[in-house]
Amino acid sequence: MLYPLSLAVFRQKSREMPLTSFVREIGNMSKKFTKNEKHERRRGGAYIAPDSSPLSSTAGSSTALTEHGRWANLPPELLLDIIQRVEARETCWPGRGDVVACASVCRSWRQITKEVVKTPEQCGFLTFPISLKQPGPRDTPIECFIQREKATSTYRLYMGLSPALSGNLNKLLLVAKKVRRATCTDFVISLVGNDFSRSSNNYVGKLKSNFMGTKFNIFDSQPPKDSPVRSTNRSLQKTHSRQVSPRKPMFITAKISYELNVLRTRGPRRMKCDMYSIPASAIGQGGTAPTPTAFTNCNDEARLGFKTLKSAQNVPLVLRNKAPRWHEQLQCWCLNFKGRVTVASVKNFQLVAAAEPSQNVTVPEQVKVILQFGKIGKDIFTMDYRYPLSALQAFAISLSSFDTKPVCE
């Protein structure tokens, strides 16, 4: 049994015992997870232990419960100081895994870790899976890259500069699977690379195109916090109890449109993104973007059809691709990606806010690049995003560039 220590005594002992010993001890605790928990971590998901552990008569389970109880008896002041030190020390992956390990110990550790860890908008870090649905930082963009696998039609989003520069520091964030259908193309997005079922907890959303590949809808498995939704006609279909699907509901959070360019006289692709889940006031002074704090479980009555976010009260944010300039010497269209894009491609783009004069958005905010995407290798693409977009929204917009558009380029 651990005896209570005052915060002053802990600080005195911390000079003799380095912080790495605490992290190492936490790592030893994480090795005692069950086989299912290990399987979740191996698949790339940031696993967080459940609030209550199931009772079991086996010796291994009783040992785990005893260990969890001993750790849970730490004084709150001491525990807060430990987690604050761990969180401040680990600024990038794989070090951020120690912060996740702290939240996996027990309920008290989880609660304090959630209080210590800030959103990506505030700290610029991605820690828990919910961070992928929260807006990015306002000033410095989060740099990622996408790896395409043509053989399996899979697209993997990693956090890092590039595979060559990041090395083992790459962190798998999201995985998309391209599914071709008779009338459309779907990009199913998951937290792991081997589970794309809509009924799975790893499912986070999808991107759906029309027949021509000129219009896309971004679907999310949950609506933004405090955002009203309205049901479409499809939600009234299949109301029989035997036809109720256990799959998660779908919420249309954005629409992407590519302008037609049949004669190819308008230059590169032109795209427009209507972000229904983000009000236009979010980029103005004092504006805020919706920031979910946890994954929600919707009831069975909402599991039919699709739902669309209302935008009557708040004008949705509109993003447009930044117009390139014609380079006379190179005889081509050019954009300044500041070294993040090295290969010319029709897929390259930069998105900026298209604000109306009445929305009171400053000029610097209108010219600031919110999302940029471009090619750096045969199947490697960079993706840098910032506030008010989240990693999921930026990834879905980037995926739309991979679909074939014969009438837009």
Side-chain angles (χ1 to χ4, degrees), residues 146 148-157 174-190 193-200 202-223 229-240 242-264 266 269-277 298 302-309 311 316 318-319 321 346-347 349 373 381 392-409:
I146 299 175
R148 177 178 60 181
E149 298 178 4
K150 291 185 177 180
T152 58
S153 298
T154 304
Y155 304 83
R156 300 177 182 271
L157 176 66
L174 294 167
V175 184
K177 178 77 172 181
K178 186 176 183 180
V179 181
R180 293 187 180 275
R181 306 187 187 278
T183 59
C184 64
T185 300
D186 290 345
F187 291 86
V188 185
I189 305 175
S190 173
N194 56 358
D195 185 6
F196 297 96
S197 173
R198 186 172 160 184
S199 60
S200 170
N202 295 314
Y203 175 87
V204 292
K206 75 172 183 177
L207 176 73
K208 185 182 183 66
S209 75
N210 62 353
F211 178 75
M212 297 296 294
T214 58
K215 297 183 183 298
F216 297 81
N217 286 328
I218 298 178
F219 294 87
D220 198 337
S221 59
Q222 71 179 88
V229 295
R230 59 179 175 85
S231 300
T232 61
N233 293 332
R234 296 188 60 181
S235 63
L236 302 179
Q237 300 175 358
K238 299 182 180 180
T239 57
H240 195 275
R242 295 182 60 183
Q243 295 177 333
V244 173
S245 173
R247 299 180 300 175
K248 293 183 178 180
M250 303 283 284
F251 301 92
I252 302 177
T253 60
K255 180 180 179 180
I256 307 171
S257 303
Y258 287 83
E259 294 185 12
L260 298 179
N261 189 16
V262 180
L263 301 179
R264 300 187 178 182
R266 298 182 179 178
R269 294 176 178 176
R270 295 183 180 182
M271 61 187 301
K272 172 187 174 183
C273 302
D274 297 313
M275 310 303 298
Y276 299 139
S277 61
C298 299
R303 293 181 182 273
L304 292 176
F306 300 134
K307 296 179 180 292
T308 307
L309 296 176
S311 58
V318 178
L319 302 178
N321 64 303
V346 69
K347 298 178 176 62
F349 67 82
F373 169 84
F381 303 81
L392 174 61
Q393 295 167 337
F395 186 43
I397 295 175
S398 301
L399 289 174
S400 69
S401 184
F402 287 105
D403 200 26
T404 304
K405 303 169 184 60
V407 296
C408 298
E409 54 197 35

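Throughout, numbering of the chain's residues begins at 1 and tracks the sequence.
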Quiz item: Do Asp220 side-chain atoms and Phe251 backbone N/O form a donor-acceptor pair below 3.5 Å?
Solution: no
Quiz item: If you look at every heavy atom in Leu207 and Ala396, which pair is closest and at what distance?
Solution: CD2-O, 3.3 Å
Self-check item: Set of residues satisfying side-chain contact (heavy atoms from CB on, under 4.5 Å) with respect to Ser197, sequence neighbours excluded
Solution: Asp195, Ser199, Ser200
Quiz item: Below 4.5 Å, heavy atoms only, C-beta onward: do Asp274 and Lys272 meet side chain to side chain?
Solution: yes
Practice problem: Under the ring-ring contact (aromatic ring centres under 6.0 Å, His included) rule, collect the residues that match up with Phe395, sequence neighbours excluded. | Solution: none
Quiz item: What's the shortest heavy-atom distance between Ser277 and Gln393, and which atoms?
Solution: OG-NE2, 3.2 Å
Quiz prompt | Heavy-atom pair with the smallest gap, counting every atom of Arg270 and Asn321 | solution = CA-OD1, 3.5 Å
Quiz item: Looking at residues at least two apart in the chain, or sitting in another chain, which of them share a side-chain contact (heavy atoms from CB on, under 4.5 Å) with Ser190?
Solution: Val192, Phe196, Asn202
Practice problem: Check side-chain contact (heavy atoms from CB on, under 4.5 Å) between Thr183 and all other residues, then give those that pass, not counting sequence neighbours. | Solution: none
Quiz prompt | Backbone N/O of Thr185 and side chain of Ser209: donor-acceptor pair under 3.5 Å | solution = yes
Quiz item: Residues in side chain to side chain donor-acceptor pair (under 3.5 Å) with Asp186, at least two apart?
Solution: Arg181
Quiz item: If we only count heavy atoms from C-beta on, is the Lys178 to Tyr155 side-chain gap below 4.5 Å?
Solution: yes
Practice problem: Kindly give the heavy-atom pair with the smallest separation between Met271 and Ile256, and that separation in Å. | Solution: CE-CG2, 4.0 Å
Self-check item: Contacts of Phe381 that satisfy ring-ring contact (aromatic ring centres under 6.0 Å, His included) - sequence neighbours left out
Solution: Phe373, Phe402
Practice problem: Test Ile218 against every option in Thr253, Leu399, Ile189, Ile252 by the side-chain contact (heavy atoms from CB on, under 4.5 Å) rule and name the one that passes. | Solution: Thr253
Exercise. Identify the two heavy atoms, one from Ser221 and one from Tyr203, that lie closest to each other, and give their separation to 0.1 Å.
Key: OG-O, 3.8 Å
